[in-house]
Each structure stands twice: as structure tokens, then as C-alpha cells.
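Because the structure is a prediction, the values reported are computed rather than measured. What's counted below: heavy atoms across the whole structure, side chains too, no hydrogens, waters or symmetry copies.
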Amino acid sequence: MGRRVALAVHPGSGHGTAARIAGTVAERLRAEVDHLDLISAATPQALRDSVTACRSAGLDALVVVGGDGAAHQAVQCCAGTEVALGLVPSGTGNDFARALGVPGSPGEAVAALLSALRGGSYRTVDLGRVDGDDPGSSRWFGTVLCTGFDAAVNARANRLPWPSGPRRYDAALLGELVSLRPRPVVVDTDAGSVRVAATLVAVGNTPFYGGGVPICPSARPDDGVFDVTVVGRVSRIRLARILPRLRTGQHVRHPAVHTLRATRVRIEGAAGTTEWPVFADGDPLGALPVNATCVPAALRVLACPQLP
């Protein structure tokens, strides 16, 4: 096939699921490609160094066994390069894989990736880029950047040892309701600005976060724009009424919810307000203010089923 592939495994993903299936994934890949590099990196920087070394040898694809955290780190390695990313979802949320149409079963995901490798089937998708103050400090994200209530939920979910899967996010959500406090923010975009006492702001390159919650239900990773969802001031009771709509995407019809489509987004809190944390792909990115840009066709991926 003339293909060189690297396989990176995040052993802690899915409470050890990634580690349990790593050997099988490696065996199936090894039987199909000319050269397989195995990457075991304890830190994000070690992963980047390993992928860079493989890339200098002519790497075609990086296959990652893990969840959204592992995918987030892999995106940092592959964005803006010719190295295609392949995902074998085995984490808690698997939201990036879901948005790319990757089968939820690890076995089916590997079969789809092998089929793509055999046929040389690739596609490009957009990414979000978070621009820092220092040169070289930009970070990429594939799914959703969020701040406010949902970022607090994400932080709490990361601390919970159980339950697993989407139920972990549901438990964290209920826990954060008691400390709900809308705060004044400015969401400035190339499509207009929103000044509002906000409960949360979500910037979606893809629809999902939190294990399949379509917070930005119309977002697509191949249309060159973000979908932005802003939930304004709501009480705990009103938010509790909105929450069931999140799983269906019907929350965007609520009068407290504002939506925008934009290529550039800046979110900042009003002077004197407590800083809100910022998360992207489920990883912490600091606090407000934050600047994000949608970069079209920034990532090459192994083609799985047609994008939803």
C-alpha cells in the first residue's frame, strides 16, 4: 500500500478501554500498512515530538486510540500538515469522532479507517484556532469552545471518578446548577456583537460536546464558519427547563438563547467581573478574554462514513 502510519494510544481513555484494545488495533493496522510506528507519549509535548520525528520519515496518517482529550492533542500535531488523522473512539465523550461520522464501535472504526487507507480516501475539515498573546501559543480545537456554565460543568466532569460516559456530564451539570450565576459578557464577531448577561457561550466547529449534546446543532466542520450559541440570563428553574432540550437541539428556540454564524469570535467579560474559565475539546484553555478563528480545511482526516 505504500503507507506509513503512526499509532498513538491514550491508555487512560474510557477507564482503560483504550489500553485494552490497543494491541488489537495495532495488529490490524500492521497487517495493512507498510510501516507502523507505535507512539507512547506521557505528555502532549512528547506526543508532538514523536509525531514530528515520524513526519520527517514520511508519515501518511496518525491513528489515535482514545477520547476527545487524546484527539485534541493529536489535532495539535496534524493541523496544517499533510498527515491525516484517524480516530478510534474509546473515551468518555468521543464528540469529535461522532461529528466526523466515525463509527462508535472501536472495531467498526478500525475497519472504516483501514478501508480509507486502502482506497487513499481523505477529506479536509475546518478547525478552530485560539490565538494567544505570545507567538506560537495558538491552540487548535475540533469540537466546541465554551465558557460559563458549560465550562464549569466540564471542569467538574473531569474531576468526577464516576459515572462513566454521558452520565458523568449529566451529574456534573446538576452539581453546577446550585452555583449558577449569569455574568455580563461581550461576544464580538464578524457577524455582529451580543452584549448580554450570559449563562454560557459555546463556539461550535462541530455540534457536540459533553458526550453527544448538540449545543450548536447546525454546526458543520466543513462550512468555513462557527456556529455560536449564547444562553442569556436564566434562573436555575428556567435553565432546568431548558436542559432537557439540549439533547435534542431544541434549546436554540428558547427566547433566552441567541445564535450567530461567524468566522471570528472574541469573548470577554465586563470589567470587574470574575474571570470565567474557557474549555475547548474538553481541555482547559485558561480564562476570558478569548479569541477564536475558524480556519477552513485546516485538518486532513481519514474518510469515514459521510459527514452528518
Side-chain angles (χ1 to χ4, degrees), residues 3-30 32-33 35-55 57 59-117 121-125 127 139-143 205-206 208-209 211 221 280-283 298-305:
R3 292 285 186 267
R4 186 183 188 105
V5 175
L7 174 64
V9 180
H10 193 289
S13 294
H15 299 285
T17 298
R20 288 193 295 272
I21 67 174
T24 300
V25 175
E27 182 179 357
R28 294 183 65 181
L29 285 171
R30 192 175 285 113
E32 296 283 350
V33 302
H35 187 91
L36 181 66
D37 294 297
L38 299 178
I39 295 177
S40 179
T43 66
Q45 187 58 52
L47 174 65
R48 293 192 201 189
D49 292 343
S50 296
V51 173
T52 298
C54 293
R55 193 165 63 229
L59 187 65
D60 293 292
L62 172 64
V63 174
V64 177
V65 182
D68 286 315
H72 178 74
Q73 297 305 329
V75 163
Q76 313 311 308
C77 301
C78 297
T81 77
E82 290 301 307
V83 177
L85 178 62
L87 300 176
V88 180
S90 54
T92 301
N94 303 319
D95 288 309
F96 196 33
R98 180 179 290 107
L100 297 180
V102 178
S105 160
E108 293 178 2
V110 173
L113 295 179
L114 290 175
S115 177
L117 282 168
S121 182
Y122 304 94
R123 65 162 56 98
T124 57
V125 297
L127 290 175
R139 290 276 293 275
W140 299 92
F141 66 94
T143 58
N205 181 55
T206 58
F208 309 109
Y209 68 4
D281 291 343
D283 272 23
L299 179 67
R300 198 172 186 229
V301 297
L302 288 167
C304 279

L113 side, atom CG; S121 side, atom OG - distance, nearest 0.5 Å: 10.5 Å
Using the rule side-chain contact (heavy atoms from CB on, under 4.5 Å), only one of D37, V33, L36 pairs with R4; which is it? D37
Would you indicate whether Q45, at its atom CD, is surrounded by more than 12 heavy atoms from other residues, nucleotides or ligands within a distance under 6.0 Å? yes
Donor-acceptor contact present, side-chain D281 to main-chain F141, <3.5 Å: no
Donor-acceptor pair, D68 side chain versus N94 backbone, under 3.5 Å? yes
Whether the side chain of S115 engages the backbone of A111 through a donor-acceptor N/O pair (distance < 3.5 Å, no angle test) should be reported. no
Quick check: closest heavy atoms across A22 and L7, and the distance to 0.1 Å? O-CD2, 4.3 Å
Can you tell me if R98 uses its side chain to pair, donor with acceptor, with the backbone of G93 under 3.5 Å? yes
Minimal non-hydrogen separation, T81 against V83, with atom names: OG1-N, 3.1 Å
Any sub-3.5 Å donor-acceptor pair from T124's side-chain atoms to L299's backbone N or O? no
What are the two closest heavy atoms between Y122 and R300, and how far apart are they? CD1-NH2, 3.3 Å
Can you tell me if R55 uses its side chain to pair, donor with acceptor, with the backbone of C77 under 3.5 Å? yes
Interatomic distance, CD@Q76 vs CG@L47, rounded to 0.5 Å, equals 9.5 Å
For a quick test of reading the model, state the closest non-hydrogen atom pair linking P106 to P89 and the distance between them. CG-O, 3.7 Å
On a heavy-atom basis, the closest approach of L127 and G142 is CD2-CA, 3.8 Å
Checking side chain to side chain contact (heavy atoms under 4.5 Å, CB included) for the pair R139/D283: CA distance, chi angles, key distance, verdict? CA-CA 11 Å; R139 290 276 293 275; D283 272 23; 4.2 Å; yes
With rounding to the nearest 0.5 Å, note down the distance linking CG in L38 to CZ in R30. 5.5 Å
Worked check of side chain to side chain contact (heavy atoms under 4.5 Å, CB included) between L117 and E32: CA-CA 9 Å; L117 282 168; E32 296 283 350; over 6 Å; no
Check whether N205 reaches the backbone of T143 with its side chain - one donor and one acceptor, N or O, closer than 3.5 Å. no
Is there a side-chain contact between F96 and L85, using heavy atoms and a 4.5 Å cut-off? yes
As an exercise, state the distance from SG of C78 to CG of L59, rounded to the nearest 0.5 Å. 7.5 Å
Taking side chain to side chain donor-acceptor pair (under 3.5 Å) as the test, write out the residues that go with T206, two or more places apart. none
I need the minimum non-hydrogen distance between R3 and D60, along with the two atoms involved. CA-OD2, 3.4 Å
For G69, is there any backbone N or O sitting under 3.5 Å from a side-chain donor or acceptor partner on Q73? no
